[in-house]
Amino acid sequence: MPLRVVVAGLTNGLGLAIASALLDTPDTEVIILTRRSPSSTPSIDNLISRGAVIRVVDYTSVPELTAALEGVHTVISTVFVWYDAQPGLNLIEAAKRAHVQRFAPSDFAFSSAGNASIDLYNPKRQFRAILEESGLEYTFFKNGLFMDYLAYGSPKGYKGPLKLIHPLVVDVAAGKARIPGTGRGDGDVYEDGGCGEIVRDVESVTGRKIEVEYLSRERLGEMIEEARNGEPFELFINQLMGVFADGLARVEPRLNGLLKDVEVMSSVREFVVEYWSEDES
């Protein structure tokens, strides 16, 4: 009997990537939960043609979610609404009622300490607390910052599943970067989460100088406070930079070592070459 796995959420693109990988896994039945009937697109049509089942659900209804999860072994959620944790919490409750065995919440971020520094990630912390008391088996995927954001603005076009609405840390197209540190090289440059190395890779591949704005930890603290009464996304970006500054952005690549049959990019530089090298071959 195949393992029945639910992937909750399609809109951010991450769910599409996970569902696609699961469809390549033998003896796995993939069910995708979505809030509304998805439009016919090549990516959605491809999943359906490969055997994925689409179920439209109301995330405000625990009974409806419970019915959708009957007979399911594992739930992987990419449903994340920063201002409302309830959809994710309802999904966890439904999983308990449907006797789901394993649950992976919409985490996909930094270490727990790093997430704790970001207001927008309050729901992620709620999911963790509820899951730890739920009786469900659970996994929190810690991937750090997706390299995909370095493809923002590439003239070659982005080929991946994510929705890139804004560059993060390094804006290759604009030739600019904002990284934590002073840049003086006098020992007063604290952990930058690898941002400096990324800048050097981009400069090497593109042959262009990146204009770097160095942000001291004191200045970052000021920016975070200034943004608290402004746009939530601006606060998120500033707090994200604080995570880099505090050395909380790195995550250990444990899955890379465990899943030997999965081919991964060897470095950020390899990704930059794919999207920003002038070599079209």
Side-chain angles (χ1 to χ4, degrees), residues 1-25 27-109 115 120-141 143 146 160-165 232:
M1 185 175 180
L3 185 72
R4 186 171 294 173
V5 179
V6 157
V7 178
L10 289 176
T11 56
N12 59 15
L14 181 58
L16 286 172
I18 293 172
S20 181
L22 287 170
L23 287 167
D24 288 334
T25 305
D27 299 319
T28 303
E29 180 182 340
V30 179
I31 300 169
I32 300 173
L33 303 188
T34 180
R35 301 177 200 278
R36 56 185 179 276
S37 298
S39 304
S40 179
T41 64
S43 56
I44 299 295
D45 293 345
N46 175 262
L47 295 181
I48 294 173
S49 69
R50 292 163 60 196
V53 175
I54 307 292
R55 291 182 181 171
V56 180
V57 295
D58 178 359
Y59 281 97
T60 68
S61 172
V62 173
E64 185 173 322
L65 288 169
T66 302
L69 298 182
E70 290 294 339
V72 168
H73 181 276
T74 299
V75 173
I76 302 174
S77 175
T78 66
V79 175
F80 182 73
V81 183
W82 64 268
Y83 54 84
D84 183 11
Q86 202 57 52
L89 296 176
N90 287 347
L91 191 61
I92 294 172
E93 177 60 29
K96 289 168 55 180
R97 296 187 185 186
H99 306 291
V100 167
Q101 185 169 330
R102 296 175 180 166
F103 196 104
S106 186
D107 205 70
F108 306 103
N115 290 353
L120 184 145
Y121 286 170
N122 283 335
K124 296 182 186 293
R125 295 192 285 278
Q126 289 182 265
F127 299 155
R128 184 179 189 94
I130 295 297
L131 277 171
E132 287 176 343
E133 301 294 329
S134 69
L136 295 167
E137 295 179 13
Y138 53 85
T139 296
F140 299 97
F141 288 101
N143 51 262
F146 286 112
L162 301 185
K163 291 188 176 181
L164 307 183
I165 60 173

- From D58 atom CG to T60 atom OG1, the distance as rounded to the nearest 0.5 Å: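 Interatomic distance, D58 CG to T60 OG1, rounded to 0.5 Å: 3.0 Å.
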- Gap separating the OG1 atom of T78 from the CG atom of D107, nearest 0.5 angstrom: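 Answer rounded to 0.5 Å: 12.5 Å.
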- Task: Among V30, T74, L47, I32, find the residue that satisfies the side-chain contact (heavy atoms from CB on, under 4.5 Å) test when tested with L22.
- Result: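 For L22, the side-chain contact (heavy atoms from CB on, under 4.5 Å) check succeeds only for V30.
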- Query: Between V75 and L136, is any pair of side-chain heavy atoms under 4.5 Å apart?
  - Reply: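 V75 does not reach L136 side chain to side chain.
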- Item | Test item: I48 and I54 side chains (from C-beta on) under 4.5 Å apart, heavy atoms |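 Heavy-atom side-chain distance check passes, below 4.5 Å.
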- Closest non-hydrogen atom pair, P123 against W82: CG-O, 3.4 Å
- Message: Is it the case that the side chain of T66 and the backbone of V62 share a donor-acceptor pair, with hydrogens and angles ignored and the cut-off at 3.5 Å?
- Response: yes
- Hey, does the side chain of T25 reach the backbone of T28 with a donor-acceptor pair shorter than 3.5 angstrom? no
- Message: side-chain contact (heavy atoms from CB on, under 4.5 Å), that's the test. Do L131 and F140 meet it? Break it down for me.
- Response: CA-CA 10 Å; L131 277 171; F140 299 97; 4.1 Å; yes
- Query: Considering residues at least two apart in sequence or located in another chain, which fulfil the ring-ring contact (aromatic ring centres under 6.0 Å, His included) criterion with F103?
  - Reply: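 Scan of F103 (ring-ring contact (aromatic ring centres under 6.0 Å, His included), adjacent residues dropped) gives none.
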- Can you name the residues that form a ring-ring contact (aromatic ring centres under 6.0 Å, His included) with Y121, not counting sequence neighbours? F236
- Message: Run the side-chain contact (heavy atoms from CB on, under 4.5 Å) test on L33 and V56 for me, step by step, so that the C-alpha distance in whole Å, both residues' side-chain angles and the decisive distance to 0.1 Å come before the verdict.
- Response: CA-CA 6 Å; L33 303 188; V56 180; over 6 Å; no
- Please identify each residue that fulfils salt bridge (charged side-chain N to carboxylate O under 4.0 Å, His left out) with E137, with sequence neighbours left out.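 Once residues adjacent in sequence are excluded, the partners of E137 under the salt bridge (charged side-chain N to carboxylate O under 4.0 Å, His left out) criterion are R102.
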Let me check something: any side-chain donor-acceptor pairs from residues 84-91 under 3.5 Å, sequence neighbours excluded? List them with distances.
residue, atom, partner, partner atom, Å
D84, OD1, Q86, N, 3.0
Q86, NE2, N90, OD1, 2.8
N90, ND2, Y59, O, 2.8

- Query: After noting the C-alpha distance and the side-chain angles of V57 and T34, does the key distance pass the side-chain contact (heavy atoms from CB on, under 4.5 Å) rule?
  - Reply: CA-CA 6 Å; V57 295; T34 180; over 6 Å; no
- Query: Which pairs, with at least one residue in residues 42-54 and sequence neighbours excluded, count as a salt bridge (charged side-chain N to carboxylate O under 4.0 Å, His left out)?
  - Reply: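 Counting only pairs at least two positions apart or across chains, the salt bridge (charged side-chain N to carboxylate O under 4.0 Å, His left out) contacts touching residues 42-54 are D24-R50.
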- Query: Can you name the residues that form a side chain to side chain donor-acceptor pair (under 3.5 Å) with E132, not counting sequence neighbours?
  - Reply: R128
